[in-house]
Amino acid sequence: MPTAIVTVNNTESEQQLQVEPPAAGLALQGRICVPGDKSISHRALMLGAIASGETTIEGLLLGEDPRSTARCFRALGAEISELDEKTVTVRGVGIGRLQEPLDVLDAGNSGTTLRLMLGLLASQPECFFAVTGDKSLRSRPMSRVVEPLMQMGAQIWGRRDGSLAPLAVRGTRLRGIEYRSPIASAQVKSCILLAGLMAQGRTTVVEPALSRDHSERMLAAFGADIQADPEAKRVSVVGGSDLKGTSVVVPGDISSAAFWLVAAAIVPGSELVVENVGVNPTRTGVLDVLALMNADIHWENQRTIAGEPVADLRVRHTKLNSCEIAGDIVPRAIDEIPILAVAAAFASGTTVIRDAQELRVKESDRLAVMAQMLAKMGARVTERPDGLEIVGGSPLQGADVDSHDDHRIAMSLAIAALNARGKTTIHHAQAAAISYPTFVSTLKSACDRS
Ligand SMILES: O=C(O)C1=C[C@@H](OP(=O)(O)O)[C@@H](O)[C@H](O)C1
Ligand SMILES: C=C(OP(=O)(O)O)C(=O)O
């Protein structure tokens with residue numbers, strides 16, 4: 001079988017990834033293991049850092065974002081072993097005992113690090129903190145967490161009335177509130193719950209649609225006094241109880257698995273098994289959407305590991321149909337919309353994505369960037385204020401495209417390139433290391449086996 005040519009070109013300022021499928025086509029075959037779930041990795045490091053005693057983490061994601069979390073919480077006094085070890089050990093400071101760092105806390109590119117950490121800092125009395133991030137993170141909205149924290153009594157200052165990092169925080173004793181969040185965001189929910197751990201009384205968050213519930217599951221495992229009512233999209237935590245270190249096993253990240261699910265679905269003759277994928281129902285929107293599109297995906301070997309459901313996912317190529325992606329499914333597939341847009345470009349009919357305006361405030365404006373980049377490859381895409389309209393089915397052409405320093409865009413474009421005619425060059429492809437540092441090597445080996 002001919003192989004796709006995947007090459008990497010490192011220049012002084014960027015990494016370029018070149019993907020050129022053979023003229024005779026390509027079929028992806030074999031088994032793939034994806035790295036640990038990013039959301040669970042952040043939470044394991046953070047809860048381990050504020051718990052008393054030792055937490056062990058197996059399967060931690062070694063991407064740039066969890067590294068930012070580890071860097072910040074080391075500066076706040078937690079002892080965290082080398083992340084590259086098979087089992088990472090965190091010796092926590094105990095609740096309410098984070099130390100005032102000597103320097104600015106830098107969350108890098110990671111919205112989850114900054115927003116969740118803010119809840120913990122705001123509720124840490126008698127300490128001063130300065131927090132920032134990279135250029136992208138400094139442009140992302142922070143008022144969504146600063147406002148509810150202020151309602152709890154937090155003292156936070158920042159650019160544009162505290163809506164943009166860098167932010168300054170003077171930790172103080174907070175009071176519990178009931179917060180009805182206008183957006184379905186696990187970062188908002190988790191920030192408030194983490195602040196609630198140290199607040200007086202009960203802190204409740206009600207969401208308009210259910211977002212990922214990893215914080216709820218992990219807080220319970222660490223011994224927090226937490227009650228979740230998913231039907232009512234409501235969760236409460238009572239302040240004052242201690243957290244105890246525990247052992248966490250991180251499943252593979254469904255957001256990373258999504259690239260291979262779509263790759264095998266769109267490349268004729270493919271069959272892949274993606275092993276050990278976290279299939280928490282608050283994250284499986286991508287599987288529901290792909291099922292609506294007629295993708296052939298089977299769950300094998302279903303099990304529960306450390307409180308999270310896990311399965312191996314077998315995917316075979318099929319002809320995809322268009323579908324509508326809107327409403328409550330959007331928060332359950334929020335990071336997978338860029339790769340679902342790629343699937344839509346290969347599906348027959350018009351796929352409409354609505355209610356996805358949140359994508360405009362991720363690492364890049366993912367609606368605008370995906371519309372521009374897929375159009376460069378010859379797809380028929382119209383950008384809408386809250387989504388995309390994609391008329392699928394016309395063949396894509398290799399092109400010069402750019403990730404805009406957004407990891408999900410870099411990887412989505414690389415997968416689109418597997419079924420495009422000619423060579424695609426993805427500029428700023430190094431962004432993939434934020435959530436999937438082994439993406440390029442797995443891409444190479446999946447293509448080599450074909
Ligand atoms: O809580 C989390 O771990 C995350 C929540 C989501 O963000 P929002 O809460 O902003 O939707 C998601 O996009 C992000 O990649 C990770
Ligand atoms: C949006 C993402 O992450 P964060 O908000 O943590 O930067 C993502 O991983 O796609």
Side-chain angles (χ1 to χ4, degrees), residues 35-47 61 63-69 72 106-119 133-145 148 165 181-194 205 207-219 235 250 253-256 258-259 278 280 282-283 285-286 308 328-340 355-367 369-370 403-412 431-437 439:
D37 186 276
K38 177 160 78 72
S39 294
I40 298 176
S41 296
H42 284 303
R43 286 158 175 80
L45 289 166
M46 287 189 199
L47 295 193
L61 169 66
E64 294 302 325
D65 274 8
R67 289 186 190 279
S68 293
T69 294
C72 290
D106 185 353
N109 189 244
S110 175
T112 311
T113 306
L114 188 48
R115 295 199 180 110
L116 270 59
M117 184 168 66
L118 274 174
D134 70 4
K135 186 169 172 236
S136 151
L137 189 52
R138 280 184 272 117
S139 72
R140 293 175 66 186
M142 292 300 141
S143 38
R144 56 183 58 200
V145 290
S181 176
I183 33 177
S185 158
Q187 294 181 7
V188 171
K189 172 173 65 178
S190 305
C191 167
I192 300 167
L193 291 175
L194 291 178
V205 184
E207 300 186 273
L210 200 59
S211 65
R212 64 193 67 192
D213 67 358
H214 304 300
S215 296
E216 292 91 310
R217 287 172 191 249
M218 207 183 283
L219 279 166
V235 55
V250 184
D253 197 328
I254 191 167
S255 300
S256 300
F259 298 110
N280 176 317
T282 60
R283 295 287 298 281
V286 61
E308 290 279 352
D328 288 4
I329 208 165
V330 172
R332 294 178 52 243
I334 191 73
D335 293 340
E336 292 73 69
I337 304 284
I339 189 64
L340 286 170
D355 305 324
Q357 58 279 3
E358 271 295 299
L359 266 72
R360 296 203 182 275
V361 290
K362 298 292 184 187
E363 285 82 328
S364 70
D365 177 341
R366 289 178 175 166
L367 295 177
V369 174
M370 280 311 289
S403 78
H404 288 242
D405 291 320
D406 185 327
H407 51 130
R408 308 258 179 234
I409 305 276
M411 294 184 277
S412 298
I434 290 290
S435 62
Y436 198 161
F439 174 77

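Counting starts at 1 for both ligands and their atoms, in listed order. Reckoned from all heavy atoms, side chains included, excluding hydrogens, waters and symmetry mates.
- Salt bridge Arg283/Asp335: absent, no basic N to carboxylate O contact under 4.0 Å.
- Closest heavy-atom contact between Leu137 and Met142: CD1-CE, 3.9 Å.
- Counting heavy atoms from C-beta on, the side chains of Val188 and Ile192 come closer than 4.5 Å.
- Side-chain N or O atoms of Ser190 include none that pairs as donor or acceptor with a backbone N or O of Gln187 at under 3.5 Å.
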May I have a table of the N/O to N/O pairs between ligand 1 and the protein that fall below 3.5 Å, each row giving the two atom names and the distance to 0.1 Å?
residue: ligand 1; atom: 1 (O); partner: Arg43; partner atom: NH2; Å: 2.6
residue: ligand 1; atom: 3 (O); partner: Ser39; partner atom: OG; Å: 2.7
residue: ligand 1; atom: 3 (O); partner: Arg43; partner atom: NH1; Å: 2.8
residue: ligand 1; atom: 3 (O); partner: Arg43; partner atom: NH2; Å: 3.4
residue: ligand 1; atom: 7 (O); partner: Gln187; partner atom: NE2; Å: 3.3
residue: ligand 1; atom: 7 (O); partner: Lys362; partner atom: NZ; Å: 3.2
residue: ligand 1; atom: 9 (O); partner: Ser185; partner atom: OG; Å: 2.7
residue: ligand 1; atom: 9 (O); partner: Ala186; partner atom: N; Å: 3.0
residue: ligand 1; atom: 9 (O); partner: Gln187; partner atom: N; Å: 2.9
residue: ligand 1; atom: 10 (O); partner: Lys362; partner atom: NZ; Å: 3.3
residue: ligand 1; atom: 11 (O); partner: Lys362; partner atom: NZ; Å: 3.2
residue: ligand 1; atom: 13 (O); partner: Asp335; partner atom: OD1; Å: 2.6
residue: ligand 1; atom: 13 (O); partner: Asp335; partner atom: OD2; Å: 3.3
residue: ligand 1; atom: 13 (O); partner: Lys362; partner atom: NZ; Å: 2.8
residue: ligand 1; atom: 15 (O); partner: Asp335; partner atom: OD2; Å: 2.6

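- Protein residues lining ligand 2, listed by chain and number: Lys38, Asn109, Ser110, Gly111, Thr112, Arg140, Gln187, Asp335, Lys362, Glu363, Arg366, His407, Arg408 [non-hydrogen atoms, distance under 4.0 Å].
- Of the possible donor and acceptor atoms, none in the side chain of Arg138 sits under 3.5 Å from a partner among the backbone N and O of Ala165.
- Contact between Pro66 and Ser41 at its shortest, heavy atoms only, is CG-CB, 4.2 Å.
- The closest side-chain heavy-atom distance from His214 to Glu308 is below 4.5 Å.
- Here the side chain of Asp406 pairs a donor or acceptor atom with the backbone of Ser364 at under 3.5 angstrom.
- The heavy-atom pair separating Glu363 from Ser136 by the smallest distance is O-OG, 3.0 Å.
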